[in-house]
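See below for the structure under consideration.
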Amino acid sequence: MEHEGKGRLVLGWREWVTLPALGITAIKAKVDTGARTSALHAFQVELYRRGGAHRVRFALHPLQKRTDIELRCDAKVIDQRLVSDSGGHRERRYVIDTPVRIADRELPIEITLTDRDTMNFRMLLGRTALRNGFLVDPRRSYLAGNPPGL
């Protein structure tokens, strides 16, 4: 783990992260400073209400190129947004707020849910998640190390 003055953690262009509130102990994320909001692979997305709040149930394949491992997640919906992907396609997505753990740091981030099954990474870590205390070295990978258990 590298630090660059003022306690900033240096990340590579891809990193292992944990989403503890969703039960995701390890997922490889592409650190994407071109994306404003983070995005997470989700399918079988189902909106429902509990206690007056909108929630979403969804499934995800946490590992690249693997569909045999499937996790079921549940989260409170904080918003719906029209998001343009890198190809210019617009999609309405549910937005959730959940903590992400990168190395020894845990911070709340907003994540949009979208089907990323055909993408190389199941998660994008966008620039709003990185604005407090992170620098990115695009020449390197996995500077934050592996999550526990890997």
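When Val83, Thr114, Asp115, Leu82 are each tested for a side-chain contact (heavy atoms from CB on, under 4.5 Å) with Glu91, only one passes: Thr114.
Within the 3.5 Å criterion, the main-chain N or O of Asn120 finds a donor-acceptor partner in the side chain of Gln64. The closest donor-acceptor contact from the side chain of Arg116 to the backbone of Phe121 lies under 3.5 Å. Panel note: side chain Glu15, backbone Val31; no donor-acceptor pair is recorded below 3.5 Å. Remark: side-chain polar atoms of Thr128 are paired, donor with acceptor, to backbone N or O of Arg36 under 3.5 angstrom. Thr33 places no side-chain N or O within 3.5 Å of a backbone atom of Arg127 that could act as its donor or acceptor partner. The backbone N or O of Ala39 lies less than 3.5 Å from no partner atom in the side chain of Arg93, so there is not a single donor-acceptor pair.
By the 4.5 Å heavy-atom criterion applied to side chains, Leu125 and Ile102 are counted as neighbours. The shortest side-chain heavy-atom distance between His41 and Pro62 does not fall under the 4.5 Å cut-off.
Around CZ of Arg49, the count of heavy atoms belonging to other residues, nucleotides or ligands within 6.0 Å exceeds 12. In the displayed structure, Lys30 atom NZ is contacted under 6.0 Å by at most 12 heavy atoms of other residues, nucleotides or ligands.
Phe134 contributes atom CZ, which lies 5.0 Å from atom CG of Leu107 (distance to the nearest 0.5 angstrom). Expressed to the nearest 0.5 Å, how far OG1 of Thr37 lies from CG of Asp79 amounts to 9.5 Å. Note: Thr18 OG1 to Ile27 CD1 = 10.0 Å, rounded to the nearest 0.5 Å. Note that CZ of Arg101 and CD1 of Ile24 are 12.5 Å apart. Values are rounded to the nearest 0.5 Å. To the nearest 0.5 Å, atom OG1 of residue Thr112 and atom CZ of residue Arg92 are 12.5 Å apart. The CZ atom of Phe58 sits 10.5 Å away from atom CZ of Phe43, with the distance rounded to the nearest 0.5 Å.
Checked by atom type, the side-chain pair Arg14/Ser141 shows a donor-acceptor distance below 3.5 Å. No side-chain N or O of Gln44 forms a donor-acceptor pair with one of Arg57 less than 3.5 Å apart.
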Q. Given Leu135 and Leu9, is the side chain to side chain contact (heavy atoms under 4.5 Å, CB included) satisfied, shown in steps?
A. CA-CA 6 Å; Leu135 296 174; Leu9 181 63; over 6 Å; no
Q | Val77 vs Arg55, side chain to side chain contact (heavy atoms under 4.5 Å, CB included): CA-CA, chis, key distance, verdict | A | CA-CA 5 Å; Val77 174; Arg55 297 189 65 84; 5.6 Å; no
Q: Applying ring pair (Phe, Tyr, Trp, His ring centres under 6.0 Å), run through Tyr94 and His54 and close with a yes or a no.
A: CA-CA 10 Å; Tyr94 294 117; His54 284 96; 8.7 Å; no
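Note on Val56 and Tyr48: separate hydrophobic clusters, where clusters join Ile, Leu, Val, Met, Phe, Trp and Tyr whose side-chain heavy atoms are under 4.5 Å apart, directly or indirectly. A chain of hydrophobic side-chain contacts below 4.5 Å, direct or via other Ile, Leu, Val, Met, Phe, Trp or Tyr residues, connects Leu19 to Val45. Leu60 is not connected to Leu124 by any chain of hydrophobic side-chain contacts under 4.5 Å among Ile, Leu, Val, Met, Phe, Trp and Tyr, and they are in different clusters. In the hydrophobic cluster analysis, where Ile, Leu, Val, Met, Phe, Trp and Tyr join through side-chain heavy atoms closer than 4.5 angstrom, Leu47 is grouped together with Ile96. In the hydrophobic cluster analysis, where Ile, Leu, Val, Met, Phe, Trp and Tyr join through side-chain heavy atoms closer than 4.5 angstrom, Leu130 is grouped apart from Trp13.
With respect to Lys76 and Asp97, no salt bridge is recorded, no charged nitrogen being found less than 4.0 Å from a carboxylate O. For the pair Asp117 and Arg122, the salt-bridge criterion is met [side-chain N within less than 4.0 Å of a carboxylate O]. Of the charged side-chain nitrogens involved, at least one lies within less than 4.0 Å of a carboxylate oxygen, so that Glu110 and Arg81 count as a salt-bridged pair.
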